[in-house]
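Please read the structure below before turning to the comments.
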Amino acid sequence: MNTWTMRGLLIATAVLALTVGACKKKPKEDKSKADDTMDVMKAASMDVMKADAMKADAMKADAMKADAMKADAMKADAMDAKRPVATGDGFILKFDRPLKEGQKYKVVSTGSVKGKTTVDGKPIPKQSTNMTYAFEAVVTVKAVHAASGKATKLEVKIIKLQSTVGGATKELLPADTLVLAESAGDKEKFSVDGKPVAKPLGKVLGYVIDLFDGDATTTDEVFGPGGPKKPGDSWKPNAAKMLASLKTKFKDAAMVPKPSDVTGKVTFVAAKKVDGMDVLQIVAKVKVNNIAPKMGPVKATAGFLEIGMAGWLPKDPKVVNNDYHAMFVKMHIEGDIKKGPKTIKLVVDFVQTGKKRVTPIK
């Protein structure tokens with residue numbers, strides 16, 4: 001659970017950067033960036049007019065499905081408390097569990113990534129994303145960031161890695177493939193047999209593999225309650241810490257949120273048993289208003305980010321690599337491109353959902 005909030009955010013930022021990049025051309029002769037963007041936007045709009053109307057309907061269906069998955073993530077595991085654990089004076093909730101070199105664990109995860117871009121209300125099919133993934137692997141920790149305890153190098157032995165696009169499922173790597181995942185500043189790099197993987201494969205691996213990303217802010221600093229809590233207790237996230245973390249992702253942001261723009265809460269749902277282990281069930285949902293990345297000639301006019309999680313972690317803070325969570329990350333950005341008296345409206349929506357179960361291997 002130590003990087004789930006940042007993982008979705010990195011993906012959202014990348015999608016926005018790709019979207020804006022696709023709307024830009026390098027200037028020819030003395031043309032401005034805004035002029036070039038207008039040319040591309042017009043071409044894109046023509047593509048939209050030619051596109052089959054069923055594509056727009058499919059995007060609407062995808063959006064409804066994403067909302068349903070978002071609701072499922074927030075309700076995940078809520079009905080699974082079979083045997084309650086004695087509450088006593090409350091529990092210490094510890095989100096961050098530092099890793100150690102040599103630790104080995106199994107990961108099973110599934111999820112979806114959906115993106116939609118519209119220009120003046122018309123969707124651009126070429127800028128849409130609709131993919132699901134399934135991942136299963138045995139992970140060995142090869143190196144750890146000393147201060148945070150997060151992995152900087154992992155060896156990942158693939159059991160299954162699939163993606164599904166347009167109803168077609170593809171095996172991205174064969175079973176038993178060894179992937180080396182390494183932190184590279186605030187980015188990641190993945191290689192097989194010493195050779196970097198292709199960018200599309202690297203993107204999927206980025207969705208499912210957690211690495212230290214250069215952000216020193218911890219999950220406990222943002223979502224920790226600051227003391228013992230009992231089932232049913234709720235508290236607000238630390239807005240200052242969250243914004244400090246977001247600042248490392250949205251460098252030179254077009255819209256910078258204030259602490260008052262951060263809303264939401266974390267709830268300690270229940271103490272229960274899972275496979276004979278005492279665990280603590282948590283639900284969290286946070287929204288950050290007035291946030292948007294820098295988008296070149298596009299002037300950001302509105303934006304928000306939502307992060308939600310429902311899952312459990314072991315009661316014993318010394319237990320590592322044994323947890324479960326369902327999550328969603330949603331981002332909405334609006335922007336304007338001006339051409340004389342005309343204003344072109346750009347809207348980008350991104351939703352990522354996922355479920356992940358980690359179990360230790362001795």
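In what follows, residues are counted from 1 in the order of the sequence shown. Quantities reported herein were computed from a predicted structural model and do not represent experimental measurements.
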Let me confirm one number: the OG-CG distance from Ser183 to Leu154, rounded to the nearest 0.5 Å. 8.0 Å

For Val138, the other hydrophobic cluster members (4.5 Å side-chain criterion, sorted by chain and number) are Ile159, Ile361

Suppose the criterion is salt bridge (Lys or Arg N to Asp or Glu O under 4.0 Å): which pairs have a residue in residues 134-145, not counting sequence neighbours? Lys106-Glu136

Lys241: what forms a side-chain hydrogen bond (donor to acceptor under 3.5 Å, both in side chains) with it, not counting sequence neighbours? none

Shared hydrophobic cluster for Leu280 and Ile92 (ILVMFWY, side-chain gaps under 4.5 Å): no

List the steps and the verdict of salt bridge (Lys or Arg N to Asp or Glu O under 4.0 Å) for Asp210 and Lys356. CA-CA 11 Å; Asp210 290 330; Lys356 184 176 183 179; 2.7 Å; yes

Are the side chains of Leu161 and Leu205 in contact, using a 4.5 Å heavy-atom criterion? yes

From Lys199 NZ over to Leu201 CG, what is the distance, rounded to the nearest 0.5 angstrom? 13.5 Å

By the ring pair (Phe, Tyr, Trp, His ring centres under 6.0 Å) test, which pairs, at least two apart or in different chains, include something from residues 275-303? none

Flag the pair Lys272 / Val279 as yes when at least one side-chain heavy-atom distance between them is below 4.5 Å, and no otherwise. yes

For the OG1 atom of Thr301 and the CD1 atom of Ile333, what is their distance to the nearest 0.5 Å? 9.0 Å

Straight-line distance of Lys249 NZ to Asp215 CG, nearest 0.5 Å: 4.5 Å

So, Thr218 side chain and Glu221 main chain: donor-acceptor pair closer than 3.5 Å or not? yes

Does Trp235 belong to the same Ile/Leu/Val/Met/Phe/Trp/Tyr cluster as Met309, with side-chain heavy atoms less than 4.5 Å apart forming each link? yes

Side chains of Ser112 and Thr132: is there a donor and an acceptor less than 3.5 Å apart? no

Do Asp96 side-chain atoms and Thr219 backbone N/O form a donor-acceptor pair below 3.5 Å? yes

What pairs of residues pass the ring pair (Phe, Tyr, Trp, His ring centres under 6.0 Å) test when at least one of them lies in residues 103-140, not counting sequence neighbours? Tyr133-Tyr207

What is the distance from atom NZ of Lys273 to atom CG of Asp278, rounded to the nearest 0.5 Å? 3.5 Å

Those residues that, when tested against Gln162, pass side-chain hydrogen bond (donor to acceptor under 3.5 Å, both in side chains) (two or more places apart): Glu171

All side-chain hydrogen bond (donor to acceptor under 3.5 Å, both in side chains) counterparts of Ser234, not counting sequence neighbours: Thr267

Tell me which pairs pass ring pair (Phe, Tyr, Trp, His ring centres under 6.0 Å) where either residue lies in residues 257-283, with sequence neighbours left out. Phe91-Phe268

Does Lys251 have any side-chain hydrogen bond (donor to acceptor under 3.5 Å, both in side chains) partners at least two apart in sequence or in another chain, and if so, which? Asp186

Common cluster, Val141/Val358, ILVMFWY with side-chain heavy-atom separation under 4.5 Å: yes

Ring pair (Phe, Tyr, Trp, His ring centres under 6.0 Å) pairs, two or more places apart, involving residues 137-158: His145-Phe212

Tell me every residue that passes ring-ring contact (aromatic ring centres under 6.0 Å, His included) with Phe304, counting only those two or more places apart in sequence or in another chain. His332

Looking at Lys345, I'd like to know if its NZ atom is crowded, meaning that more than 12 non-hydrogen atoms belonging to other residues, nucleotides or ligands lie closer than 6.0 Å. yes

According to ring-ring contact (aromatic ring centres under 6.0 Å, His included), who are the partners of Phe190, at least two apart in sequence or on a separate chain? none

Between Lys116 and Ser128, is any side-chain donor less than 3.5 angstrom from a side-chain acceptor? no

Between atom CG of Asp220 and atom CG of Leu93, what is the distance when rounded to the nearest 0.5 Å? 9.0 Å

